[in-house]
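Residue numbers start from 1 in every chain, and the chains themselves are labelled A, B, ... in the order their sequence lines are given, proteins ahead of strands.
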Amino acid sequence: MSKDKQARYDAQAIEAKWQAIWERDGVDAASDDPADNRPRYYCLAMFPYPSGQLHMGHVRNYCLGDAVARYKRMCGFNVLHPMGWDAFGLPAENAAIKHGRPPAEWTWHNIDQMRGQLKRLGFSYDWSRELATCDPDYYRWEQWMFVQLLKKGLAYRKEAEVNWCEPCHTVLANEQVVEGECWRCGTQVSHKNLSQWFIRITDYAEELLNDLEKLSGWPERVRDMQKNWIGRSTGARIEFPLEGSDESLSVFTTRPDTLMGVTYMAVAAGHPLAKKAAENDPKLAAFVDECSRISTKEADIATMEKKGMSTGRYTLHPITGDKVPVWAANFVLMGYGTGAVMSVPAHDQRDYEFALEYDIPISQVIAPADGSAAPEGMAFTDPGVLVNSGEFDGLDSEAAKKAIIKALEERGKGSEQVNYRLRDWLVSRQRYWGAPIPVIHCETCGAVPVPEADLPVILPEELQPTGGASPLETCEAFVDVNCPQCGKPARRETDTFDTFMESSWYMERFTCNEYQDGMLDGDAVKAWMPVAQYIGGVEHAVLHLLYARFYHKLLRDAGVFTSKEGGDEPFANLLTQGMVLKDGAKMSKSKGNTVDPGSIIERFGADTARLFTLFAAPPEKDLEWSDAGVEGASRFLNRVWRMLDRVTDENANSGDAEDQQAVDGLRQVIHATIRRVTHAFEHGFAFNVAIAALMELSNALQSFEPKGQTGNAVLREGASALVTMLAPFAPHFSSECFDRLGIAEHAVTADWPKADEAVLKRDEVTLMVQINGKKRGEITVARDADQDIALAVAKADETIARWLENMNMVKVILVPGRILNLVVKPQ
RNA sequence: GCCGGGAUGGUGGAACUGGUAGACACACAGGACUUAAAAUCCUGAGCUAGCAAUAGCGUGCGGGUUCGACUCCCGCUCCCGGUACCA
């Protein structure tokens with residue numbers, strides 16, 4: 001190779017060369033051989049929806065995952081690092097409408113395209129594990145699982161008010177409504193009463209909440225978001241008998257201690273009581289109607305006036321028997337608790353404002369515990385001591401809660417209750433491009449599960465969606481079946497599963513993607529799960545990440561795999577990476593600020609693209625795209641490339657006497673760098689810092705002047721450490737550098753270097769000298785120098801001595817190896 | 001409102017359990033090489049004052065603890081994310 005050619009390395013040629021070699025040698029394969037006794041490590045990045053184009057968010061996600069996987073391999077782990085396709089979903093249908101091609105064709109074509117892009121980037125996936133969720137071999141097991149859930153009563157069908165997105169022409173689960181809008185298309189959702197399929201995630205609310213404690217490897221904020229979403233609150237369910245009726249009005253409250261201060265009841269406009277009362281009251285009917293049409297959008301709700309209207313009905317207080325009026329109110333939600341609340345204006349701010357507005361009495365029953373007066377003009381919402389509460393007077397709030405619940409229990413009027421904000425998971429969708437729900441509707445037998453022998457229910461792939469109703473509804477070959485129970489003509493369910501169903505168990509399926517005898521190979525799951533490191537965007541904090549946790553527990557309880565210690569959770573560690581921004585905004589086609597990964601790779605190569613995305617920001621923060629930054633990354637690789645010339649040229653030394661201090665200094669830099677980079681991988685994946693350290697090492701090697709054999713050897717030691725540690729970030733580049741250095745093994749399977757602590761121990765250290773906390777100089781002392789010696793050296797230093805003139809030494813603080821601080825006072 | 005997280009040079013970002021703030025890079029300026037440019041290499045740089053040595057100031061704001069605070073405590077401001085009449 002001529003000097004000229006080496007000025008810039010040829011990324012395109014090198015990357016193609018090494019990708020072919022890795023594939024030939026199978027270096028990326030995970031081993032299922034039980035005799036392979038390397039420790040196992042499962043590294044997973046969230047699989048993509050095959051839109052056809054890889055975007056920078058994907059690139060960042062997969063660069064992070066690949067760096068971790070490669071590092072672990074170099075550390076001697078048997079690494080599972082798979083990739084697949086979240087292949088069902090709406091964009092395929094929209095594309096089908098636009099192009100007049102079936103969604104399946106579009107999807108498979110996109111998968112081919114994106115697989116090519118991922119391969120071009122050189123990610124170390126074990127491609128033999130690849131799966132696509134639209135493959136019947138995949139979704140058949142999801143259907144099988146759903147049948148098991150039906151049998152256990154964990155899946156059910158009910159009519160309920162559900163979120164409806166008109167453009168998407170389907171219902172949505174609660175988690176998929178973001179600020180009143182569809183998570184996918186951003187349209188405001190409306191509400192409809194429809195009969196839909198649900199899975200009882202609420203049965204697992206307690207475990208999903210408690211197990212968050214086990215997830216110490218998760219970001220705090222993701223755990224908090226899930227905790228808030230589950231929304232556990234403890235209190236009491238209390239029955240208020242309705243006057244002139246055998247029925248009672250049931251409420252949930254977190255403050256049973258305030259029961260004696262109840263002055264009115266409030267029910268949702270949609271509450272049966274309000275509806276019934278409205279039948280004979282046109283004004284109330286108008287109010288109920290008005291409430292049913294209010295916006296669900298946050299801004300509207302926040303500014304909305306609190307309105308109510310008397311229903312004319314009364315309940316009887318469960319303890320005193322006093323009459324309590326029932327109001328219909330627009331701030332009570334039918335969907336939470338019982339759709340009715342007991343109102344205590346003295347101790348709830350919202351109730352207080354409502355009472356003032358409508359002239360309802362306010363009765364104080366809690367006094368501040370410290371004996372002070374309750375604040376004027378607002379509700380007193382803190383716990384305190386009960387007053388005006390008859391037999392409960394004098395109790396503190398906590399004791400009163402217990403006593404009042406006990407009194408209610410004795411009267412059969414209430415009990416302690418735990419309430420959750422979490423709703424059951426709505427899993428049916430009125431879409432075509434999804435996994436069919438394996439149910440047959442029979443007029444006599446009702447909804448009958450498809451017998452396991454008849455699974456999978458294969459989705460006909462040749463249909464043409466129109467954007468309105470699912471084409472499945474009019475596909476007679478699909479719909480017309482006989483009831484598996486009675487044999488009479490029946491109708492197949494045409495709804496398909498929420499695509500979050502597929503993404504809820506792909507991580508387990510990756511351990512045994514070709515297993516045919518069941519949903520999962522229990523041994524494989526046991527061997528690989530939980531995922532040691534999961535990496536993806538934070539936007540799935542309460543969507544995918546909650547569903548996948550839930551589904552894992554469902555699989556466990558269905559006996560699909562046997563749980564092992566710590567096997568209750570699918571993801572041991574989670575890294576949530578930030579977005580990729582351009583000009584301060586998220587890259588999007590509509591903003592026209594996208595950067596095509598393909599063009600970057602074409603210009604600079606995959607290694608440069610990878611290095612830049614990891615260097616530009618810490619992983620969990622947003623990354624601002626910078627073309628100049630990409631060039632910087634490219635320059636760095638080229639600098640290393642040229643620097644290797646000095647290593648391979650044995651005659652590059654001057655032949656003078658070796659500068660021992662420079663040699664020792666360089667060795668210290670080498671081993672300090674190994675320590676720093678290793679630390680980054682083991683703690684928090686701060687690759688930006690790791691790469692900065694490698695740049696420093698590169699700079700140190702560049703400025704080092706070897707004089708003879710010793711110098712050459714240390715330079716070589718440093719260069720090989722540098723390219724070895726670059727391998728997780730720029731694997732093709734490192735591989736080629738290994739070749740140039742004449743190292744026989746593959747860079748990507750080389751052993752990760754170990755820092756030699758003996759090298760890092762210095763005999764002499766530099767101490768910063770402070771006078772009254774301000775830096776005034778530096779001294780060099782022996783590593784184990786004590787205070788007296790350090791002080792003597794400091795006093796001998798001219799500049800420091802000047803600061804000590806006419807001063808009395810008050811205090812001396814020595815932090816060995818770091819600082820010497822002298823506290824002085826004028827004489 | 002509540003729950004998280006954050007604020008460090010012109011920019012992205014470093015700083016281990018309190019111990020030399022600004023590593024590394026980008027952008028910038030000057031220089032070398034070149035007929036010229038690109039590429040590359042060298043040098044400079046937090047701000048203010050000064051020719052300079054140097055001094056003062058400096059991690060959103062105001063207090064505090066400490067020999068010493070980007071780091072810990074108290075009180076604010078602003079920004080980002082989540083969530084919401086949740087009873």
Let me know the distance between [atom1] of [X] and [atom2] of [N], rounded to the nearest Å.
X: A/E539; N: B/G5; atom1: CD; atom2: P; answer: 20 Å
X: A/E175; N: B/U83; atom1: CD; atom2: P; answer: 10 Å
X: A/L259; N: B/A87; atom1: CG; atom2: P; answer: 17 Å
X: A/D351; N: B/G1; atom1: CG; atom2: P; answer: 20 Å
X: A/L694; N: B/A25; atom1: CG; atom2: C1'; answer: 13 Å
X: A/Q349; N: B/C2; atom1: CD; atom2: C1'; answer: 15 Å
X: A/E631; N: B/A39; atom1: CD; atom2: P; answer: 8 Å
X: A/K825; N: B/C67; atom1: NZ; atom2: P; answer: 12 Å

Rounding to an integer number of angstrom, what distance separates [N] and [M] when you compare their [atom1] atoms?
N: B/C78; M: B/C61; atom1: P; result: 15 Å
N: B/U59; M: B/A7; atom1: P; result: 13 Å
N: B/A87; M: B/C72; atom1: C1'; result: 39 Å
N: B/G18; M: B/G68; atom1: C1'; result: 8 Å
N: B/A23; M: B/G12; atom1: P; result: 15 Å
N: B/C79; M: B/A29; atom1: C1'; result: 33 Å
N: B/U8; M: B/C57; atom1: P; result: 22 Å
N: B/U83; M: B/U11; atom1: P; result: 32 Å

With a 4.5 Å limit on heavy-atom distance, are the side chains of [X] and [Y] in contact?
X: A/F685; Y: A/P618; answer: no
X: A/I238; Y: A/L259; answer: yes
X: A/P345; Y: A/T263; answer: yes
X: A/F615; Y: A/M695; answer: yes
X: A/L822; Y: A/M809; answer: yes

Tell me what [X] touches on the nucleic acid: a base, only sugar-phosphate, or nothing, going by heavy atoms under 4.0 Å.
X: A/K227; answer: nothing
X: A/R221; answer: sugar-phosphate
X: A/W803; answer: sugar-phosphate
X: A/V810; answer: nothing
X: A/G231; answer: nothing
X: A/R776; answer: sugar-phosphate

**OP:** Identify whether the distance between the nearest side-chain nitrogen and carboxylate oxygen of A/K307 and A/E290 falls below 4.0 Å.
**Re:**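 The answer is yes: the pair qualifies as a salt bridge.
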
**OP:** Output yes when at least one side-chain N/O atom of A/R642 is less than 4.0 Å from OP1 or OP2 of B/A39, else no.
**Re:** no

Original post:
Between A/R635 and B/C26, is there a side-chain N or O to OP1/OP2 distance below 4.0 Å?
Top reply: yes

**OP:** For RNA chain B, just give me the dot-bracket, please: Watson-Crick or G-U, both distances below 3.5 Å, ( ) intra-strand, [ ] crossing earlier pairs, | paired with another strand, . unpaired.
**Re:** (((((((..(((......[....))).(((((.......))))).((((....))))..(((((..]....))))))))))))....

**OP:** Look at the rings of A/Y358 and A/W327 and say which category their plane angle falls in: under 30° parallel, 30 to 60° tilted, over 60° perpendicular.
**Re:** tilted

Original post:
Nearest nucleotide by nearest heavy atom, which residue falls closer to the 5' end of RNA chain B, A/V823 or A/S626?
Top reply: A/S626

Subject >> Whichever of A/W229 and A/M342 has its nearest RNA chain B nucleotide further upstream toward 5' >> reply: A/W229

Original post:
Does A/R223 make a cation-pi contact with A/W218, if we ask for NZ or CZ under 6.0 Å from the ring centre and within 45° of the axis?
Top reply: no

Subject >> Protein-to-nucleotide contact annotation, 5' to 3' order, nucleotides 15-24 of chain B [B base; S sugar-phosphate only; - none; under 4.0 Å, heavy atom] >> reply: -B--BB--BB

Original post:
For the side chain of A/D224, counting heavy atoms from C-beta on, which of B/G4, B/A87, B/G13 is nearest?
Top reply: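 Closest nucleotide among those given: B/G4.
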
Original post:
Is B/G4 in the syn or the anti form, by the rule that syn lies within 90° of 0?
Top reply: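 It is anti.
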
Subject >> Aromatic contact, A/F331 with A/F354 (centres under 6.0 Å) >> reply: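 Distance test on ring centres: under 6.0 Å, yes.
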
Subject >> Aromatic ring proximity, centroids under 6.0 angstrom, A/W183 and A/F500 >> reply: yes

**OP:** Sort and list the pairs that fulfil salt bridge (charged side-chain N to carboxylate O under 4.0 Å, His left out) and have at least one residue in residues 806-815 of chain A, not counting sequence neighbours.
**Re:**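 Not a single pair qualifies under salt bridge (charged side-chain N to carboxylate O under 4.0 Å, His left out).
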
Original post:
Is the side chain of A/R610 donor-acceptor paired with the backbone N or O of A/F729 at a distance under 3.5 Å, no angle test?
Top reply: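 At least one qualifying donor-acceptor pair exists.
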
